[in-house]
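Here is the structure we will look at.
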There are 2 protein chains.
Amino acid sequence: MPRTPILSASGIRTAALALVDRDGLAGLSMRKLAAELGVRAASLYGHVATKDDLLHDLAAGILEEVDVSGFAEGDWRHGLTTCARSYRAALAEHPNIVPFLAYGPAHRETSSRRLDVVRGGLVAAGWGRREATMIAASLVYLVLGAALSSFSSGFSGDQALHPDPGRAEPLPSVAEELDHDSFELALAAFVDGLALRVPADLRAPQVDAG
Amino acid sequence: MPRTPILSASGIRTAALALVDRDGLAGLSMRKLAAELGVRAASLYGHVATKDDLLHDLAAGILEEVDVSGFAEGDWRHGLTTCARSYRAALAEHPNIVPFLAYGPAHRETSSRRLDVVRGGLVAAGWGRREATMIAASLVYLVLGAALSSFSSGFSGDQALHPDPGRAEPLPSVAEELDHDSFELALAAFVDGLALRVPADLRAPQVDAG
DNA sequence: ACCTGAACACCGTTCAAGT
DNA sequence: ACCTGAACACCGTTCAAGT
């Protein structure tokens, strides 16, 4: 009678993500993860190739939640805005994994499949292919930058931010609101600025030698 | 006759930065760093409190290179652009340290002193205090996002990018140029978009209930 | 004063061995 | 098939001891 296995790849991933959410990226160790699952560290390697691989899978799962359907209606401004917001929201649900995304091309595959949809939407809306690529990249800059500067930018001496002038640091909720508003401002300004250089269809092309 | 000390805090920092530049953030260990200096790991702790502290100092040194003087002329667009470019250039010189910046408020102090200058310049140019804070935050989003998405965004199947259509990946120089152009596009669009919502001085204030 | 040896409490990963 | 013990080659950090 074969006893049912304790471990599974997906169970490991779930526990790992919970651990990262709870204890941060540095708080995830294979030994701790194993203990959480009632098992020893070595056992994990029957289901998961490597810790880096595991983190990669977690990141991919999160990026899969990004909604790129907003381009369907043909409005690239709406498409960009929707995508950026859902991207940011997806990262906000697991903020502790964001530093891992900084470690380079580990998560390239999922991320770029997503970006190709964005690029496609932009091209369909009349943008050139190179512009579309650059706009998609810019979107990632904004979202990723916002995700990892959240709470950490730390604005030192601004009394205008907290109604109570005796306080040195903004309250968490105030900081959160400020992060949110900053992101929305950046996104709106970026999209508005792009609209000024929309090509052929609506406007004459920008001067060639910038 | 007291033999002259081998170690110094600044010597350690220099070697550490060189090591990070060469071997990446993961390639920096206190033991390796000590070996590089002809010493044992324990000796470092006479001059440096902690590895995290050391990295914090490296980051602070890099952020100090950021040029925030561009606001002197009173042109906030020029100030923002100059600051963003020099910020990006400073990070580009030590790209391997960027992931460390993602690990939260460790480098808050230097960073926020810099940001206060930006905020000040924006307020002097007529922006409201809260807007100025949000714009400064947005700038950080853009630069940090660009710094860590560099080369890593990885655009999969775009033949338009490389002149030779047989190639699967863009050449490094092509990727670099694309990163650069994307950043410049994002920055220009962002600043242009901001200009559309410039307050009181030049335009009527935006509608209050957004 | 400054550096070292040795130790403590950890890591990720492998692999022969158990069931 | 699946898990374990033990080991390997590492970590950051401390601290009594040497010079």
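Values below: all heavy atoms of this structure, side chains included; hydrogens, waters and symmetry mates excluded. The chains referred to below are lettered A, B, ... by the order of the sequence lines, with proteins before strands, and numbering in each begins at 1.
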Show the nearest heavy-atom pair for residues [X] and [Y], with the distance to one decimal.
X	Y	value
B/L25	B/F100	CD2-N, 3.6 Å
B/V118	B/A136	CG1-CB, 4.1 Å
A/C83	A/L139	SG-CD2, 3.7 Å

Next item on the list: Check whether any side-chain nitrogen or oxygen of B/H47 sits under 4.0 Å from OP1 or OP2 of C/dC3, and answer yes or no.
Entry: yes
Notebook entry, point to check: Under 4.0 Å between a Lys/Arg side-chain N and an Asp/Glu carboxylate O for A/R130 and B/E177?
Noted result: yes
Note to self: I want to confirm an ordering. Mapping A/K32 and A/A49 to their closest nucleotides on DNA chain C, which one lands closer to the 5' end?
What the structure shows: A/K32
Check: In terms of the nearest nucleotide of DNA chain C, which residue is placed more toward the 5' end: A/S43 or A/R31?
Finding: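 Between the two, 5'-proximity favours A/R31.
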Nearest to the side chain of [X] - [options]?
X	options	answer
A/I6	D/dC3, C/dG12, C/dT14	D/dC3
B/T50	C/dC3, C/dG12, D/dT13	D/dT13
A/A42	D/dG5, D/dT13, D/dC2	D/dG5

Next item on the list: Identify whether any heavy atom of B/L37 sits under 4.0 Å from a base atom; if not, whether one sits that close to sugar-phosphate; answer base, sugar-phosphate or nothing.
Entry: nothing
Notebook entry, point to check: At under 4.0 Å between heavy atoms, what does A/S29 touch on the DNA or RNA strands: base, sugar-phosphate, or nothing?
Noted result: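 The residue A/S29 makes sugar-phosphate contact but no base contact.
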Next item on the list: Return the 5'-most residue of the pair B/Y45, A/L7 with respect to DNA chain D, ranking by each residue's nearest nucleotide.
Entry: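 Looking at DNA chain D, the more 5' nearest nucleotide goes with A/L7.
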Quick one: [X] [atom1] to [N] [atom2], roughly how many Å, whole number?
X	N	atom1	atom2	result
A/D23	C/dC11	CG	P	11 Å
A/D53	C/dG12	CG	C1'	13 Å
A/M30	D/dC8	CE	P	21 Å
B/L44	D/dT13	CG	P	10 Å
A/L33	C/dG12	CG	P	9 Å

Next item on the list: Rounded to whole angstrom, note down the P distance from D/dC10 over to C/dA9.
Entry: 22 Å
Margin query: Nearest 0.5 angstrom please: A/E131 CD to B/L185 CG, how far?
Written below: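 One finds 8.0 Å between CD of A/E131 and CG of B/L185.
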Notebook entry, point to check: For D/dC11, which nucleotide is its Watson-Crick or G-U wobble mate, given both distances must be under 3.5 Å?
Noted result: none
Next item on the list: Identify the nucleotide, in any strand shown, that forms a Watson-Crick or G-U wobble pair with C/dA16, with both distances under 3.5 Å; if there is none, say none.
Entry: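 Result: D/dT4.
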Next item on the list: Decide yes or no, distance alone: a donor-acceptor N/O pair under 3.5 angstrom between the base of D/dG5 and the side-chain of A/R40.
Entry: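 Looking at the base of D/dG5, it does not pair with any donor or acceptor on the side chain of A/R40 (distance under 3.5 Å).
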